[in-house]
Amino acid sequence: MSIRHGLLALLERGPRYGSRLRTEFESRTGSTWPLNVGQVYTTLSRLERDGMVVQDGADDAGHDLYAITDAGRTELHTWFGTPVDRTHPPRDELAIKLAMAVGAAGVDIREVIQSQRRHTLKAMQDYTRLKAQALADVPADRDEVAWLLVVEQLIFQAEAEARWLDHCESRLVRLAEAAATEPSAGPGPAATRGPARAPAERSHSQR
């Protein structure tokens, strides 16, 4: 999540102070990724250091205002125009957990999968209810539209995770079945001899 670019996007609408930026950021994303004021001001300090924002006086209540610079606008529009890099995905705790659970002593990986599936489906139901609430009234402003996009992404993500968990369980079942039907290692004594002749064939040769 690029807090840096999110704050630049909000500042392009006009000068803001830290607490207002936090409120608008959380409103735009439905508090999915909550910020604290410390994060906001730390990010603003770095943006100021990099020439992306400047302090722009204070409002009537004495809040220090920040404004985006031309360099900040260039950075923001470059971000908008650049695809999100998927070649170096962030670490996914669930994928790491399942990878480590394979063959781990005393761990029932199918129970790990089933427990996660229950949690994922519950989250998907919660997100679906939030979407229904958002659609009860036609979104009236861009913050409501933005939140609708975020909650729909969360629904799609949960659906994909549930399908992946189903796939993981199916694969484990197939591997277990394949292991159970494998022949024992090493041929027995009978396997080293040629095929035995049928009784009728032996009887004929003896006559």
Side-chain angles (χ1 to χ4, degrees), residues 1-10 22 24-36 38-40 42-43 76 78-139 142-188 191:
M1 240 309 297
S2 180
I3 298 172
R4 172 186 179 95
H5 294 100
L7 297 185
L8 287 174
L10 294 173
R22 182 190 65 174
E24 291 187 5
F25 183 95
E26 292 185 351
S27 176
R28 186 67 67 90
T29 61
S31 298
T32 303
W33 302 284
L35 298 178
N36 61 55
Q39 284 178 289
V40 172
T42 297
T43 304
L76 175 63
T78 297
W79 179 61
F80 281 139
T82 303
V84 174
D85 184 12
R86 299 300 188 192
T87 59
H88 297 91
R91 295 183 185 90
D92 183 279
E93 182 179 357
L94 177 57
I96 293 171
K97 179 189 290 188
L98 293 188
M100 297 302 167
V102 174
V107 176
D108 183 347
I109 188 170
R110 292 184 67 181
E111 177 55 34
V112 175
I113 291 172
Q114 289 168 7
S115 175
Q116 182 64 45
R117 184 191 290 110
R118 289 191 293 270
H119 175 81
T120 299
L121 292 177
K122 172 65 165 56
M124 186 165 62
Q125 291 168 356
D126 292 341
Y127 296 145
T128 301
R129 279 194 293 270
L130 289 173
K131 177 182 176 180
Q133 292 170 7
L135 290 174
D137 298 315
V138 177
R142 53 186 161 188
D143 284 350
E144 292 179 1
V145 173
W147 163 231
L148 185 60
L149 294 178
V150 169
V151 76
E152 287 176 332
Q153 191 270 345
L154 294 173
I155 292 170
F156 292 139
Q157 189 175 51
E159 289 176 342
E161 183 170 285
R163 290 197 302 271
W164 177 65
L165 289 167
D166 290 342
H167 168 77
C168 290
E169 188 169 37
S170 297
R171 180 173 293 282
L172 290 170
V173 169
R174 290 195 300 271
L175 290 174
E177 290 173 347
T181 58
E182 283 182 356
S184 58

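The figures here come from the full heavy-atom set of this structure, side chains too, leaving out hydrogens, waters and symmetry mates.
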S.K.: Enter the distance from Ile155:CD1 to Arg129:CZ here, rounded to the nearest 0.5 Å.
M.R.: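 These two atoms lie 11.0 Å from each other.
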S.K.: Heavy atoms only: give me the nearest Pro34-Glu26 pair and the separation to one decimal.
M.R.: CA-OE2, 3.4 Å
S.K.: Using the rule given for side-chain contact (heavy atoms from CB on, under 4.5 Å), can you reason through Glu161 versus Gln116, listing the C-alpha separation, both sets of side-chain angles and the distance that settles it, and then say yes or no?
M.R.: CA-CA 9 Å; Glu161 183 170 285; Gln116 182 64 45; 3.4 Å; yes
S.K.: Could you tell me whether the side chain of Leu121 reaches within less than 4.5 Å of the side chain of Met124, counting heavy atoms only?
M.R.: yes
S.K.: What's the spacing between Lys122 NZ and His119 NE2 if we round to 0.5 Å?
M.R.: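 The NE2 atom of His119 is 9.0 Å from NZ of Lys122, to the nearest 0.5 Å.
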S.K.: Are any of the side-chain heavy atoms of Arg117 and Asp166 separated by less than 4.5 Å?
M.R.: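 Result yes, sub-4.5 Å side-chain heavy-atom pair found.
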S.K.: If every non-hydrogen atom of Gly30 is compared with every non-hydrogen atom of Trp147, which pair is closest and at what distance?
M.R.: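 The pair with the smallest heavy-atom distance is CA-CE3, 3.4 Å.
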S.K.: For the residue pair Ser115 and Arg118, establish whether any side-chain heavy-atom pair is separated by less than 4.5 Å.
M.R.: yes
S.K.: Trp79 versus Leu8: any side-chain heavy-atom pair under 4.5 Å?
M.R.: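 SC-SC contact between Trp79 and Leu8 ruled out.
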S.K.: Sort and list the pairs that fulfil salt bridge (Lys or Arg N to Asp or Glu O under 4.0 Å) and have at least one residue in residues 86-101, not counting sequence neighbours.
M.R.: none
S.K.: Restricting to side-chain contact (heavy atoms from CB on, under 4.5 Å), what partner residues turn up for Gln39, sequence neighbours left out?
M.R.: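 side-chain contact (heavy atoms from CB on, under 4.5 Å) list for Gln39, sorted by chain: Ile3, Leu35, Asn36.
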S.K.: Does any part of the side chain of Arg110, heavy atoms only, come nearer than 4.5 Å to the side chain of Val173, both counted from C-beta?
M.R.: yes
S.K.: What are the two closest heavy atoms between Phe80 and Ala9, and how far apart are they?
M.R.: CZ-CB, 4.2 Å
S.K.: Show the nearest heavy-atom pair for residues Thr120 and Ala162, with the distance to one decimal.
M.R.: CG2-N, 4.1 Å
S.K.: Measure the CD-CG distance between Glu152 and Leu130 for me, rounded to the nearest 0.5 Å.
M.R.: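 One gets 12.0 Å once the value is rounded to the nearest 0.5 Å.
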S.K.: Would you say Arg174 has more than 12 foreign heavy atoms packed within less than 6.0 Å of its CZ?
M.R.: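 Yes, enclosed.
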S.K.: Could you give the distance from OG (Ser27) to CG (Leu10), rounded to the nearest 0.5 Å?
M.R.: 9.5 Å
S.K.: Identify the heavy atoms of Val107 and Ala101 that sit nearest to each other, and give their distance.
M.R.: CG1-CB, 4.0 Å
S.K.: For Phe25 versus Trp33, what's the shortest heavy-atom pair and its separation?
M.R.: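 For Phe25 versus Trp33, the nearest heavy atoms are CE2-O, 3.5 Å.
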S.K.: Quick check for you: to the nearest 0.5 Å, what is the distance between Tyr127 atom OH and Gln153 atom CD?
M.R.: 9.5 Å
S.K.: How long is the straight-line distance from CG of Leu98 back to CD1 of Ile113, given to the nearest 0.5 Å?
M.R.: 5.5 Å
S.K.: Would you please test Glu24 and Arg142 for salt bridge (Lys or Arg N to Asp or Glu O under 4.0 Å) and show each step?
M.R.: CA-CA 11 Å; Glu24 291 187 5; Arg142 53 186 161 188; over 6 Å; no
